[in-house]
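Below, all heavy atoms of this structure are taken into account, side chains as well, without hydrogens, waters or symmetry copies. Order of listing sets the numbers, starting from 1, for every ligand and every atom in it.
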Amino acid sequence: MLNKKVNSFQQVGRNLIIPGGTRIIDATGKLVMPGGIDPHTHLELEMMGAKTADDFYKGTKAAVAGGTTTIIDFVLPNKGQSLLEAYSNWRQKADNKVCCDYALHVGVTWWSPSVKKEMEQLVAEHGVNSFKMFMAYKDAWMLEDYDLMVAMETCAELRALAQVHAENGNIIARNTEKLLEAGVTGPEGHQLSRDEEVEAEAVNRACVIANQANSPLYIVHMMSKSAVKALRIARTRQRPPVYGETLAATVGTDGTHYKNACFRHAAAHVLSPPLRPDPSTPEAIVQALADDDLQLIGSDNCTFNEKEKELGKGNFTKIPNGVNGVEDRMAILWQKAVNTGIMDPCRFVAVTSTTAARIFNLWPQKGRIAVNSDADVVVWDPRLERTISAATHHHAVDFNIFEGQHVVGSPQYVIVNGRVCLDDGNLRVVEGEIVNNSNWGMGETFSFMILVQSLLYQVSSKTFGTRLWPQELRICEY
Ligand SMILES: C[C@@H](CNC(N)=O)C(=O)O
Ligand SMILES: [Zn+2]
Ligand SMILES: [Zn+2]
Ligand SMILES: [Zn+2]
C-alpha cells in the first residue's frame, strides 16, 4: 500500500530529446542512487504515556533531508483494538502530512479469530504485506509462543511477511523486578534487564517458530553480535528465508551512553533491544551488513523530547523507548561503512534502498532507477562534510544521538517522485505535498538532466529512454 501520486521514469540515458524548460543538475563526481527506503519508523506514535516528537510531516521532512524518499511506518494497535480501526487512524494521521511516499506494516499485538480476519482484510483491501509481532513489551504488545506461531502461520497463508521484535519478554520482566528491588532505577537498568543473550535467545526461538510455521521471517532492529550469530546459523539451516534488519543507531553509537551522568543524555539512547556496551558492536554490525549476515538498515525513528523521556526519571521502565535516525541513517552508514572501506557503494544502495524494496514488494517501482520506476533519486556527494547536531537537524525532537559526529558524504539533491525536494542542500518540502509542486504547476511536463561525468543523465517525469551509464558511475542495484 502506498500513499502516492506518481511521476515515473519513462526515459533514462544519453542523447535523449531534451524538452524545453529542462533544468540541468550537474552531478559530476557524485553518485546517483535510487532514493533511500527506511523500512522502520514510528511517527506520531503514542506509547508508554508519551507521544513521539516527530509527526508525519517533520519525520518525512527529516527523511528527505537525509536522502530517504520512502518510509515504512508501523500501525500499532493496543491489545484488544481492531487492527482495521488502528490502520485507519494511522492513515488519518499520515495522509495529509507526509512529504514523501510511505507504506505501513501492521502490528499483531493480540490474538483472536477476529485478528486473523482483519489481517486477511488488510492484505486484500489495503495492500498491507507485513505484520509485526512482539516477543517483548509483556502486558502491552507481547504474544506468547503459541499465538506467535498461529500469527506466523496466518502470515504464511496470506503470503505476507512476518516480522518480530526479538527479545525474551518474560526474562526482561523478571530481571526488571530484581533490578528495581536492588535500587537500580537509572537508564543503565534498561540494558542490564535485557543483555545480548536475551535478544539472541528470542532470535533463535523466532526462527524455529517461523520454520515450524513454514513462514518467512524478518527480524527488526537487531542490536548485537550475539543476535547476528543466532541469525547466521538460522539462515543456513532453514528454507523460508529469514531477513535481519539493523538500525542507524546500532552502527552509529553504542550502549556506553547509558552510564552518562546526564539523565537526558542517557535516556535519549533508550530503545529496545538496547544499544550494547560492547564497543566493538558498531563495527561488527557494519561488517555483518557488508557480508550479508544482515540484509538492510532502518532507523526505528521513535523520538521523544526531554519532557517525555523524564517520565522515566527514577524508574527506567517508564522511559519511552526510541531514538532518532530517519535523517542521519544514510550518512551515518556511509561514514561508518563506505568511508572505512568495509562496504562498497553498491552494497550501500542495496542495504539502504533496494533490498527493502524487494522484501516489501515495492520493487521495481522503488529501489531502482529505471524506466517506469518512480523518479526517486539521490545525488550523493561523497565529499560533502557536515557535523550532525540537534541544532541543525530537521527533526522536531530536541536531541540527536549522533550529536557532534562529523560525517563525510551526504545528499546534495534528493528527488521525490520527480520533484527536486533537496535542491543543492536547500530543503524544499511542503507538508502533505508529494508531487506537482506549485513551482511546476499541475501536470506540467518538466525535465532536468543530471550531468554525470561526461554523460547527460536525463531525468524527467515524462521522457526517459533506456538507461545507460558510464563505468565509473556506479548506480548499484541489489
Ligand atoms: C515500539 C518501538 C519502539 N522503539 C524501540 N525500538 O524501542 C519498537 O519496539 O520498535
Ligand atoms: Zn520493536
Ligand atoms: Zn546532558
Ligand atoms: Zn520500531
**Student:** Does any pair with a residue in residues 49-68 pass salt bridge (Lys or Arg N to Asp or Glu O under 4.0 Å), and if so which ones, sequence neighbours excluded?
**Tutor:**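 Non-adjacent pairs meeting salt bridge (Lys or Arg N to Asp or Glu O under 4.0 Å): D55-K97.
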
**Student:** K178: what forms a side-chain contact (heavy atoms from CB on, under 4.5 Å) with it, not counting sequence neighbours?
**Tutor:**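 Once residues adjacent in sequence are excluded, the partners of K178 under the side-chain contact (heavy atoms from CB on, under 4.5 Å) criterion are R174, N175.
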
**Student:** Around the Zn ion (ligand 4), what protein N, O or S atoms are found below 2.8 Å?
**Tutor:**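 Sorted hits: H40 NE2, H42 NE2, D300 OD1.
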
**Student:** For atom 2 (C) of ligand 1, what is the nearest protein heavy atom, given as residue, atom name and distance?
**Tutor:**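 I find the closest protein heavy atom is H42 NE2, 3.4 Å.
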
**Student:** Less than 4.0 Å between a side-chain N and a carboxylate O, is that true for E283 and K336?
**Tutor:**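 So K336 does not pair with E283 through a salt bridge.
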
**Student:** Suppose we measure from atom 1 (C) of ligand 1 to each protein heavy atom; which comes out shortest, and what is that distance?
**Tutor:**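 Ranking protein heavy atoms by distance from atom 1 (C) of ligand 1, first comes W141 CZ3, 3.4 Å.
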
**Student:** Closer than 3.5 angstrom, by distance alone: can the side chain of S299 be matched with the main-chain N or O of N301 as a donor-acceptor pair?
**Tutor:**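 Side chain of S299 to backbone of N301, a donor-acceptor pair under 3.5 Å: yes, one is there.
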
**Student:** Kindly confirm or rule out a cation-pi arrangement of K309 over F263, judged by NZ or CZ under 6.0 Å from the six-membered ring centre and within 45° of its axis?
**Tutor:**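 Because its charged atom misses either the 6.0 Å distance or the 45° angle limit, K309 does not stack over F263.
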
**Student:** If you have a sec, work out which protein heavy atom is nearest atom 4 (N) of ligand 1 and how many Å separate them, to one decimal?
**Tutor:**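 So the nearest neighbour among protein heavy atoms is D300 OD2, 3.5 Å.
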
**Student:** Report yes or no: does F134 have an N/O/S atom closer than 2.8 Å to the Zn ion (ligand 2)?
**Tutor:**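 It does not: F134 brings no N, O or S atom closer than 2.8 Å to the Zn ion (ligand 2).
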
**Student:** Salt bridge check, R386 against D328: does any charged N sit closer than 4.0 Å to a carboxylate O?
**Tutor:**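 Here D328 pairs with R386 in a salt bridge, since their nearest N and O are under 4.0 Å apart.
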
**Student:** Starting from atom 3 (C) of ligand 1, which protein heavy atom do you reach first, and at what distance in Å?
**Tutor:**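 Looking only at protein heavy atoms, the one closest to atom 3 (C) of ligand 1 is Y137 OH, 3.5 Å.
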
**Student:** Looking only at non-hydrogen atoms, which of M47, K132, H190 approaches atom 8 (C) of ligand 1 most closely?
**Tutor:**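 Answer by nearest heavy atom: K132.
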
**Student:** For H40, take its heavy atoms, then give the atoms of ligand 1 lying under 4.0 Å from any of them.
**Tutor:**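 Atoms satisfying the 4.0 Å criterion: 10 (O).
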
**Student:** Considering non-hydrogen atoms of the protein only, which is the closest contact for atom 7 (O) of ligand 1, and what is the distance?
**Tutor:**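 Protein heavy atom with the smallest distance to atom 7 (O) of ligand 1: S272 N, 2.8 Å.
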
**Student:** In plain terms, say whether K366 and D376 are close enough for a salt bridge, that is, a side-chain N and a carboxylate O under 4.0 Å apart.
**Tutor:**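 Result for this pair is yes, salt bridge flagged.
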
**Student:** Sequence neighbours left out, what passes side-chain contact (heavy atoms from CB on, under 4.5 Å) with T236? Give chain and number order.
**Tutor:**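 Result, side-chain contact (heavy atoms from CB on, under 4.5 Å) vs T236: none returned.
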
**Student:** Can you list the atoms of ligand 1 that are under 4.0 Å from a heavy atom of H165?
**Tutor:**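 So the atoms of ligand 1 that pass are 9 (O).
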
